[in-house]
Amino acid sequence: MLLQENLAQAQSGQKITAKGYALAHKDDTFAPFSFTRHAMGDTDILIEILYAGICHSDIHSARSEWKKGIYPMVPGHEIAGRVVATGKNVSKFKVGDYAGVGCMVNSCGECEACKKSLEQFCERGQTIFTYDCLDCFHENTPTYGGYSNNIVVSEKFAVNVPQDAPLDKVAPLLCAGITTYSPLKFSGVGKGHKVAIAGFGGLGVMALKYALQMGAEVSIFARDFRKREAALNLGAKVLYASPSECQEKFDFIISTIPTGYDPMQYVNLLKHGGEMAIVGLPPLNETIKTDLTRLVFCANKKVYGSIIGGMQETQEMLDFSIKHNIYPETEIIGVDEINSAYESLTNGRAKFRYVIDMGSLH
Ligand code: NDP
Ligand code: ZN
């Protein structure tokens, strides 16, 4: 029924009605929410969302931990689904194809960064995030994410997913996958490198799998020993419950830690010239101000931040993941379990990635 209504709207250039789960304010719990998405443009596709991952960024945004959020908020930027309608100039997709959408839905397309497919760094500041963002290409209307039944997106910001791929496991690749793949590639991680991963959740497990595939030896830093067995079973060499326990040095460290911590504890564990990528984004009020003098004395170690990856690299990551059978560790939940999943992800009870089965949305 819903789908029929959406198809009629797509054909007649009307706004697309959607249903999802939203928060009305930062301290709220999730409840059903009806809204509209912008009408289909000539290069847009309409996707029926089948699965949506829950990223820790969803929690930071939902709770206004980085900035005041835009409410009602429908989070979700790890989206996998089926293409149900295409604009007349769409060339990458046809109806029935599978597609994935990550953290961005548009950008200017004309600046140097966009021309290099680094849309996340759009120099005009027009990177449109999938939710919690005002869309300057559509009358500054708020964007709504993947905890919903559909999404309209420019085909450029959707990736092609093969028909036989496990869609529930593909969804988290669209953020957790690309965010870890991109800095591993940027730093040239390869055979024989010693890599460490700080924060072993949804992103951390992807970093482990990619680094192993690239030929590295991988150590994990968690905040307790709860996930030691899982880490070793997945191929990690060792799991440390704190950087102070560690005697070895690394070529590359990626930090996915979402809480306040001292990054210098990890920088000190790099070899001379080693590199550390920071992708974890603790709440603003928990960010530790580090003493730059300590960095000056730390032997030419390089520390950089990294945010998701461009669309070209996102497709590359997806193709690489599917080729090497690299998928997240997931637990599928229904829409009525989003609130408890948020609880578990903040109090250390979560395993790795929760993925919402959108078939549970009625
Ligand atoms: P998860 O909650 O799935 O995983 C975070 C992990 O970090 C958990 O395993 C948690 O432990 C662990 N952890 C928390 N505090 C510490 C600590 N002090 N020391 C060591 N480990 C710790 O989150 P995600 O993987 O989804 O996201 C991680 C971070 O990355 C978030 O801040 C998110 O916003 C950010 N992010 C950044 C992106 C980017 O483009 N830069 C993109 C996507 C996410 P426990 O298992 O005990 O809970
Ligand atoms: Zn994310």
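Both ligands and their constituent atoms are indexed starting at 1 by order of listing. The structure displayed is predicted, hence computed values, not measured ones.
In terms of polar-atom proximity, Ala222 is not counted as a contact of ligand 1, lacking any N or O under 3.5 Å from an N or O of the ligand.
Close contacts of ligand 1 with Val279, meaning ligand atoms under 4.0 Å from a residue heavy atom, involve 30 (O), 35 (C), 36 (N), 37 (C), 38 (C), 39 (C), 41 (N). Within the listing of ligand 1, atoms 1 (P), 3 (O), 4 (O), 25 (O) sit less than 4.0 angstrom from a heavy atom of Gly202. Listed by number with element, the atoms of ligand 1 under 4.0 Å from a non-hydrogen atom of Leu345 are 2 (O), 3 (O). Each of the atoms 42 (C), 43 (C) of ligand 1 lies under 4.0 Å from some heavy atom of Cys175. Close approach to Lys227 involves these atoms of ligand 1, each under 4.0 Å from a residue heavy atom: 9 (O), 46 (O). Atoms of ligand 1 lying under 4.0 Å from at least one heavy atom of Ile308, given by number and element, are 39 (C), 40 (O). Close contacts of ligand 1 with Arg353, meaning ligand atoms under 4.0 Å from a residue heavy atom, involve 3 (O), 24 (P), 26 (O). Of all atoms in ligand 1, listed by their number and element, those nearer than 4.0 Å to a heavy atom of Ser57 are 33 (C), 34 (O), 35 (C), 36 (N), 43 (C), 44 (C).
Taking atom 4 (O) of ligand 1 as the reference point, the nearest protein heavy-atom neighbour is Gly201 CA, 3.2 Å. Protein heavy atom nearest atom 42 (C) of ligand 1, with residue, atom name and distance: Thr179 OG1, 3.3 Å. In terms of protein heavy-atom proximity, atom 24 (P) of ligand 1 is nearest to His56 CB, 3.6 Å.
Rounding to the nearest 0.5 angstrom, the gap separating the NZ atom in Lys169 from the OG1 atom in Thr330 is 3.0 Å. Put simply, OH on Tyr71 and CG on Asp28 are 9.5 Å apart, with the number rounded to the nearest 0.5 Å.
Counting heavy atoms from C-beta outward, Ser91 and Glu155 have side chains that approach closer than 4.5 Å.
Two rings, from Tyr147 and Tyr131, have their centers 6.0 Å or more apart.
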